[in-house]
Amino acid sequence: MDVLVVGAGIGGLTLGLMLHRRGIPCRIYEAAPAIRPLGVGINILPHAAKALGELELEADLARVAVLTREAAFFNRFGQLIYREPVGRYAGYEWPQYSIHRGDLQAVLLAAFRDRAGADRLQLGWKCVRAENGADGATAHFVHGATGEALAPQRGRVVVGCDGVNSALRKQFHPDEGEPRYSGVNMWRGVTRWPPMLSGATMVRAGWLNPGKMVIYPIRERIDADGRQLVNWLAEIETPHYLPKRDWARPGRIDDFLAPYRDWHFDWCDVPALIRAADAIYEYPMVDQDPLERWTFGRLTLLGDAAHPMVPRGSNGAGQAILDARVLADELGARRDPAEALRAYEAARLPATSKVVLTNRTMPPDAILREVKLRSGDRPFDRIEDLISLEALRAMSEGYKKVAGYDQATLAGGEG
Ligand SMILES: Cc1cc2nc3c(=O)[nH]c(=O)nc-3n(C[C@H](O)[C@H](O)[C@H](O)COP(=O)(O)OP(=O)(O)OC[C@H]3O[C@@H](n4cnc5c(N)ncnc54)[C@H](O)[C@@H]3O)c2cc1C
């Protein structure tokens, strides 16, 4: 019997490819009637790049993504606090990719259709619930657009890769409360812009009050002038937010431009970058408390459905990719599917819970908070007078260990 994968997002498609590679047949059911290049930028850090490398996708990704060279931290006056090389530039065997989510999904989708067969992916199939049977599991569907009931599907297991608004998570945990608002609202956008800094720098600048910015390029040479597609994200502490998690909700410049009005730096004119955006979206920075369990017999969860997290450490897509690899390994190694799902949960639930909680308190951008506090939110003469390079490096390395992409973990084969 096939493994039934619910959702053809980043986690679901990666799982499909991982299963196919291990000779385990699967079918993917996606609610959307068509897969369109939705979203803006995301980062794939070396631990997830390693997993995608095992799927031999490195060349396809390198064609569409930016190979990130460095991470750089600035205060709200545009002064450099700390920079460090990342991915291959930091000596990892695997790169860091900054990529449009739609491009990543397109690479995974093309590989899945090519390798497993186009008929293994059904579009317009929205899962409404799943149940265990004597020697299998059944998923129930309605049509994604019309709501009309579709034929129930039976499989070896059902894996809910159905994202932040997961139907299966709601079924397993009906009494879970609303998502937890972090107090920070986000506006994300993309702008065609000339290369800045190294041309492949991930910038984090300022702090949440009055406003923080994350800026990085996600597509190279998009026109004859050599411009890039640059992703940016404004994060602002505010009690105002719209709780529904809708990736496509449009954002309005006037709602968030104010803290950035004077950010005319030699490395980027930030208000001009924002004003020139092709598209702007608003999204609340929310997550959910880690669950006690994801697995119920032959049913389980993966990716955002299992562990939605605030996007503070570039780990949302990465942790979904790691889940997919571990689940495929367990399904390949064990005869009893329920036992495989339990082993998957035992490996991945504690690891991802730590990332969810660390993203709340000590993500990589905590460097910015620290310098804001130590400087009294004023320009500094020399950063060394405020904080040592070793202390900055230790903060950055601490997060890498929690998320599983420090050099030692990856080189030791655990990542
Ligand atoms: C449209 C969209 C835009 C996004 N944009 C960004 C972005 O700009 N930046 C960012 O950091 N993250 C974005 N994300 C989230 C990001 O992709 C995930 O955080 C991460 O990649 C983990 O992937 P996932 O597979 O768990 O979830 P997702 O990649 O969200 O995939 C979930 C998939 O399940 C499908 N689905 C949902 N419900 C059902 C159902 N009942 N039955 C069948 N299929 C279902 C969805 O249509 C989607 O294709 C976006 C997600 C979506 C769906």
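None of the values given here were measured: they were computed from a predicted structure. Whatever order the structure lists ligands and atoms in, that order sets their numbers, starting from 1.
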Expected output: side-chain T295 to main-chain L341 donor-acceptor under 3.5 Å: yes
CE on M213 to CZ on F256, rounded to 0.5 Å: 7.0 Å
Contact (N/O only, under 3.5 Å) between G11 and ligand 1: yes
Atom 44 (N) of ligand 1: nearest protein contact (heavy atom, Å): A31 N, 3.1 Å
Main-chain N/O of N209 paired with K372 side-chain donor or acceptor, under 3.5 Å: yes
Shortest non-hydrogen separation from C161 to V5 and the atoms involved: SG-CG1, 3.8 Å
A32 touching ligand 1 at heavy-atom level, < 4.0 angstrom: no
Within reach of ligand 1, part of Y29 (heavy-atom separation under 4.0 Å): backbone
Atom 7 (C) of ligand 1 - nearest protein heavy atom and its distance: V40 N, 3.7 Å
Among I81, I215, V203, side chain to side chain contact (heavy atoms under 4.5 Å, CB included) partner for F74: V203
Close-contact set for ligand 1 against V6 heavy atoms, below 4.0 Å: 42 (N), 43 (C)
Pairwise distance NZ(K212) to CD(E237) - rounded to 0.5 angstrom: 11.5 Å
Element-labelled atoms of ligand 1 that are located less than 4.0 Å from some non-hydrogen atom of R188: 7 (C), 9 (N), 10 (C), 11 (O)
Per-atom contacts, ligand 1 versus I42 - under 4.0 Å to a heavy atom: 9 (N), 10 (C), 11 (O), 12 (N)
Closest protein heavy atom (residue, atom, distance) for atom 5 (N) of ligand 1: G39 CA, 3.3 Å
Contact check, W125 vs ligand 1, heavy-atom distance below 4.0 Å: yes
Those atoms of ligand 1 less than 4.0 Å from some heavy atom in G303: 26 (O)
Residue G163 vicinity, atoms of ligand 1 by number, heavy atom under 4.0 Å: 27 (O), 32 (C)
For atom 42 (N) of ligand 1, closest protein heavy-atom neighbour: C127 N, 2.9 Å
Protein contact of atom 15 (C) of ligand 1 - nearest heavy atom, named by residue and atom, plus distance: W247 CZ2, 3.2 Å
D406: salt bridge (charged side-chain N to carboxylate O under 4.0 Å, His left out) partners, not counting sequence neighbours: none
Donor-acceptor contact below 3.5 Å, side chain N132 vs main chain F296: yes
4.0 Å heavy-atom contact, G144 with ligand 1: no
For atom 31 (O) of ligand 1, the protein heavy atom that lies nearest, with its residue and separation: G9 CA, 3.3 Å
Closest non-hydrogen atom pair between W267 and M196, with its separation: O-CB, 3.4 Å
R192 atom CZ, neighbour heavy-atom count above 12 within 6.0 Å: no
A305 N/O under 3.5 Å from ligand 1 N/O: no
For ligand 1, the portion of P311 having any non-hydrogen atom under 4.0 Å away: neither
side-chain hydrogen bond (donor to acceptor under 3.5 Å, both in side chains) involving D246 - partner list, sequence neighbours excluded: none
Proximity of W232 and Y216 rings by center, below 6.0 Å: no
Heavy-atom nearest neighbour in the protein, as seen from atom 37 (C) of ligand 1, with distance rounded to 0.1 Å: D162 O, 3.3 Å
Ligand-side contact atoms (ligand 1) for residue partner K126, heavy atom cut-off under 4.0 Å: 41 (N), 42 (N)
Sub-4.0 Å atoms of ligand 1 with respect to non-hydrogen atoms of G41: 9 (N)
Within 45° cone of F112 ring axis and under 6.0 Å: R115 NZ or CZ: no
Shortest protein contact, atom 19 (O) of ligand 1 (heavy atom only): D304 OD2, 2.5 Å
Minimum non-hydrogen distance to atom 4 (C) of ligand 1, winning option of E30, H100, R101: R101
Atom indices of ligand 1 within 4.0 angstrom of I10 heavy atoms, with elements: 17 (O), 21 (O), 23 (O), 25 (O), 29 (O)
Any donor-acceptor pair under 3.5 Å from T300 side chain to V159 backbone: no
